[in-house]
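Each chain gets a letter, A, B and so on, in the order the sequences are listed, and its residues count up from 1.
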2 protein chains.
Amino acid sequence: MADVTAKRRGRPPAGGREAILKAALELLRERGISRLTTREVAARAGVSEASVFYHYRDRAGLLREAFAEGLGPLVALKDAGAVSGPDRRKVLKRLGEAIERFLEQALPVLTAAQSDAELAEELAAYMRENDLGPHRGVRILGEYLAEQQRDGLIRADIDPEAVASMFVSTCLTRAFQATMRLPKRSLPPLSAVIDSLDRMLEPGGGPPPV
Amino acid sequence: MADVTAKRRGRPPAGGREAILKAALELLRERGISRLTTREVAARAGVSEASVFYHYRDRAGLLREAFAEGLGPLVALKDAGAVSGPDRRKVLKRLGEAIERFLEQALPVLTAAQSDAELAEELAAYMRENDLGPHRGVRILGEYLAEQQRDGLIRADIDPEAVASMFVSTCLTRAFQATMRLPKRSLPPLSAVIDSLDRMLEPGGGPPPV
DNA sequence: GTCTATAGGTTGATAGAC
DNA sequence: GTCTATCAACCTATAGAC
């Protein structure tokens, strides 16, 4: 949130603050929030425990910034996906994989916050304010599908946003599976989902019944 | 796991054990796992703290049983859904709502375990052994769709399991949204999803393009 | 089976020197 | 900004009486 471009006066920071945040995020993803003690964070960051409190005031303050940091990449999701072009299957593949990648980073952070009701409510408020959540992906894909629908590339009798929510949800489930340490292969591969969905979206409908 | 039907000898249990488990599960869902201390559990259950250790050996033992208890209703999912009949929309609605209801109870438990890497791995092993997870719902719905497909009620050019995973995932996302204390209405309603999906599954395909 | 009392250990946070 | 030293609070778990 700070202005990185402005020239700084005085002694440049030693990087302790960033090291602490990085250590906290690593610990959060690797060992879970209950093992994220200020002691461990300090040890991994290579600073003393008091530094943690100097920079972030208290444990909750550190967690708050770690959550925001962990959810950050979501902002760049739209550009990364490059959700445009006539090749629908390609768009679905690109966007789907991008969502999945992002969620595999973000879900551990989201679930970690649920360990404490207060933390969870605080994070939820932050997400509501910044309009974060699965609906973001749904909206991005929904707009693309609506555009294709206007161009007659998608059948007219479906709700683009509803279909988008199905696809984004599929990616979420896959990322969820991975986050919960369950085997992804117990679910059908994303390519199969894209296959079927693409056919069902075709304007002419499927082949005539046998 | 104990045989409830067998007649018991001796003094009947006072119900302390059950009260403790119930209190633990409540605390888990209401306030998160980090506030689930043996003190609080004992207080809410109306017993002494030592009773908790007498019945469950240690905190981990209590959590293990609470997790199993919280995931229990999944077993009854198939029967509850009554996944059969020619009215596809009705089946989707019933099953979808059942999955959503179940997950809104189970997700808090699943996410709670993620607070500690060891706990998470232990729960994951339990779920793998007992074949639990989102794929269960996918399989149930997939079989129903495959059956409809054989009967010519669903277009032949789609993968039933892939479509099933999309629908089940939609329910999971909705439950996830609720668990994370985010507004469900930022997602399209389930009825809209069922609407579009049902049309896309129709054997003849959609109406001819304008 | 349930209780009281307490040991033993970990954690978040502060004070004050450098 | 960073450190060492320290504290008060809290938690899990055990011992032993009833």
So, the side chain of [X] versus the backbone of [Y]: is there a donor-acceptor pair under 3.5 Å, distance only?
X      : Y      : answer
A:S115 : A:T111 : no
A:R174 : A:P188 : yes
A:R29  : A:P108 : no

- request: Would you tell me whether A:T173 and B:S169 have side-chain atoms, one donor and one acceptor, within less than 3.5 Å of each other?
  value: yes

Using whole Å, what does the distance between atom [atom2] of nucleotide [N] and atom [atom1] of [X] come to?
X     : N      : atom1 : atom2 : answer
A:I33 : C:dT11 : CD1   : P     : 14 Å
B:E49 : D:dT14 : CD    : P     : 12 Å
A:I20 : C:dG12 : CD1   : P     : 14 Å

message: If we check side chain to side chain contact (heavy atoms under 4.5 Å, CB included) with A:I140, which of these qualifies: A:V83, A:V168, A:L145?
response: A:V83

statement: Residues passing the side-chain contact (heavy atoms from CB on, under 4.5 Å) test with A:A45, sequence neighbours excluded, are A:A19, A:I20, A:A23, A:V47

- prompt: Which of these, A:R94, A:K184, A:K93, sits in a salt bridge (Lys or Arg N to Asp or Glu O under 4.0 Å) with A:E100?
  reply: A:K184

field: Geometric cation-pi criterion, B:R88 with B:Y144: 6.0 Å, 45°
entry: no

Sub-4.0 Å heavy-atom contacts from residues 51-63 of chain A onto DNA chain C, ordered by number: A:F53, A:D58, A:R59

- line: Contacts of A:L36 and A:A50 projected onto DNA chain C by closest heavy atom; the upstream (5') one is A:L36

message: Can you pull out the residues from residues 37-48 of chain B that lie within a 4.0 Å heavy-atom distance of DNA chain D?
response: B:T37, B:T38, B:R39

